[in-house]
Amino acid sequence: MIARIRACSRVVLPVVAVAVLSVPAPTSAASDRDDEAAAIVATAPEGSKLEVVVTSRSADGTPVISTTLADTRSRARSIVARALGRSGTIGAEMNHRVSIAAYNDTLRSQQWALTALKAETVHQSTKGSGVTVAVVDTGVKSSHTDLSGRVLSGTDLVAPGTSANDENGHGTHIAGIIAAVANNSKGVAGLAPSAKILPVRVLDRSGSGTSAAVAQGILYASSHGAKVINMSLESPQSSTAMKSAVADAIKKNVLVVAAAGNGGCSLFGGRAVYPASYPGVVGVGSVTKSLSRASYSACGSQVDVMAPGDGIISTMIRDSVGLGCSRTADYCSLNGTSMATGYASAAAALAISKRGWGQSTVAQRLESTAQDLGQAGKDRSTGSGFINPSKLIAP
């Protein structure tokens with residue numbers, strides 16, 4: 001029997017020395033200090049507060065930090081020069097502003113997920129380069145300005161022989177979550193912005209497809225260079241074809257990540273959904289901005305980890321279908337375990353890029369490094385907890 005499957009979603013100042021005949025010329029050391037002091041003070045932007053920071057060392061070796069305000073640059077240079085002349089000084093500098101490291105993407109402020117996942121900090125170590133993530137979904141709009149250079153050719157298993165172009169919008173949204181170009185002064189940033197996306201279209205314009213197409217999509221992805229297969233989709237029915245394809249991908253050292261489902265939690269727990277329930281698959285549930293389980297996020301043994309899935313803004317096609325987005329929107333905010341799955345796949349790509357680990361190690365570490373939520377330990381509601389990319393990529 002061929003099961004129907006649907007997408008699982010609900011976006012230097014110069015220094016002039018004046019010589020006076022009656023005054024001895026300064027020593028070379030003093031002159032060097034004055035030059036160094038002038039260079040240090042010159043680092044303070046015009047119009048900014050002039051505050052000198054001097055670091056010295058106490059008798060027991062502990063650094064001692066002091067600050068002194070100066071009303072003029074001349075005064076600041078004098079303070080710095082005197083500090084540089086003291087034997088106990090480690091260094092002198094101008095105080096400067098420090099802020100969170102955030103990308104300049106125009107919608108970055110709306111990406112609470114990247115803040116919760118400490119994306120910019122993680123990106124100092126890895127951005128996912130060298131890793132291909134297959135998005136088995138509705139296709140991907142490769143021409144989207146925020147996906148430029150990130151999307152490979154892929155395949156269309158809904159209309160074979162055509163490109164894997166997205167006619168629905170869901171797949172493009174997931175692709176942006178994973179690998180949207182970062183710091184390009186446009187739209188959003190992906191969690192693994194240097195990863196490549198392999199689009200595998202198995203769901204049609206309405207966001208629906210068959211178990212056979214999904215199985216074929218998994219086989220295609222695992223044989224075309226994917227290290228991670230993202231499946232933001234679900235079916236209430238198991239399928240021998242899908243199960244066999246998943247097992248084959250895992251055997252080929254490909255990590256399979258799938259949505260845990262949007263059926264919510266009943267008194268007796270949620271129903272099993274596939275492919276998230278298959279052995280070896282990382283099933284992903286959704287949390288809100290407060291890191292609580294989203295009301296629609298399913299419960300059950302298929303829930304391994306949780307990731308941001310509520311109010312997620314990402315890339316979108318114009319004239320999307322059934323997603324509630326504006327017809328002219330290039331970006332849109334969606335809810336669902338679909339979105340959470342994208343973030344988990346991106347986190348996995350970061351780990352593979354940084355450490356070169358195989359699928360079993362990454363799957364295990366996604367859980368072991370997660371932040372526990374709800375009941376202590378792994379549970380059917382929130383799995384092992386909220387993914388933690390910083391700990392995930394640590395040695």
Side-chain angles (χ1 to χ4, degrees), residues 8-11 99-128 133 146 173-180 182-183 187-195 228 230 232 257 259-260 262 282-297 303-315 331-351 354 362 365-374 378-379 381-394:
C8 206
S9 61
R10 296 289 266 191
V11 105
S99 63
I100 60 171
Y103 288 139
N104 63 14
D105 302 85
T106 55
L107 299 175
R108 172 62 183 86
S109 63
Q110 298 181 41
Q111 293 187 274
W112 71 266
L114 293 190
T115 302
L117 297 170
K118 299 178 174 60
E120 283 89 349
T121 299
V122 175
H123 291 169
Q124 294 177 26
S125 296
T126 177
K127 294 182 179 180
V133 180
D146 232 351
H173 197 271
I174 302 304
I177 288 171
I178 298 170
N183 218 33
V188 298
L191 180 58
S194 292
V228 181
N230 182 99
S232 294
V257 186
N262 290 334
V282 178
V284 189
S286 171
V287 296
T288 65
K289 191 174 183 178
S290 65
L291 300 192
S292 58
R293 183 185 64 81
S295 59
Y296 52 79
S297 189
V303 183
D304 296 310
V305 293
M306 307 295 281
D310 212 54
I312 304 301
I313 190 166
S314 186
T315 47
Y331 301 89
C332 186
S333 181
L334 298 178
N335 307 316
T337 54
S338 279
M339 289 69 243
T341 302
Y343 278 118
S345 291
L350 294 175
K354 177 67 174 179
V362 177
R365 286 184 62 85
L366 274 167
E367 292 198 54
S368 66
T369 61
Q371 174 187 340
D372 196 16
L373 301 173
K378 187 172 184 178
D379 59 74
S381 178
T382 59
S384 293
F386 185 63
I387 60 171
N388 188 329
S390 296
K391 288 186 177 181
L392 173 63
I393 68 171

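All of these numbers come straight from a predicted model, not from anything done at the bench.
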Of all heavy-atom pairs between [X] and [Y], which one has the smallest distance, and what is that distance?
| X | Y | value |
| --- | --- | --- |
| Gly342 | Ile178 | O-CG1, 3.4 Å |
| Gly285 | Val303 | N-CG1, 4.5 Å |
| Leu373 | Asp379 | O-OD2, 3.5 Å |
| Val228 | Ala349 | CG2-N, 4.4 Å |
| Leu366 | Ala344 | CD2-O, 4.4 Å |
| Asp105 | Gly187 | CB-O, 3.2 Å |

Exercise for the section: Starting from the C-alpha separation in whole Å, work towards a yes-or-no answer on side chain to side chain contact (heavy atoms under 4.5 Å, CB included) for Tyr103 and His123. Expected result: CA-CA 11 Å; Tyr103 288 139; His123 291 169; 2.7 Å; yes
Exercise for the section: Without swapping roles, check the side chain of Arg365 against the backbone of Lys391 for a donor-acceptor pair under 3.5 Å. Expected result: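 Yes: the side chain of Arg365 pairs with the backbone of Lys391.
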Exercise for the section: Verify, without hydrogens or angle tests, whether Trp112 (side chain) and Asp310 (backbone) share a donor-acceptor contact under 3.5 angstrom. Expected result: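 Between the backbone of Asp310 and the side chain of Trp112 there is a qualifying donor-acceptor contact (under 3.5 Å).
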Practice task
With sequence neighbours excluded, tell me which residues meet side-chain contact (heavy atoms from CB on, under 4.5 Å) with Ala307.
Solution key: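 Result, side-chain contact (heavy atoms from CB on, under 4.5 Å) vs Ala307: Val284, Ala340, Tyr343, Ile387.
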Exercise for the section: Identify, with sequence neighbours excluded, every residue that meets side-chain contact (heavy atoms from CB on, under 4.5 Å) alongside Thr106. Expected result: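 Here no residue qualifies.
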Do [X] and [Y] come close enough that some side-chain heavy atom pair is under 4.5 Å?
| X | Y | result |
| --- | --- | --- |
| Leu191 | Leu117 | yes |
| Ser297 | Met306 | yes |
| Arg108 | Val188 | no |
| Phe386 | Val305 | no |

Approximate separation, where rounding is to 0.5 Å, of [X] [atom1] and [Y] [atom2]:
| X | Y | atom1 | atom2 | result |
| --- | --- | --- | --- | --- |
| Thr337 | Asn262 | OG1 | CG | 3.5 Å |
| Thr382 | Asp372 | OG1 | CG | 6.5 Å |
| Leu392 | Thr369 | CG | OG1 | 4.5 Å |

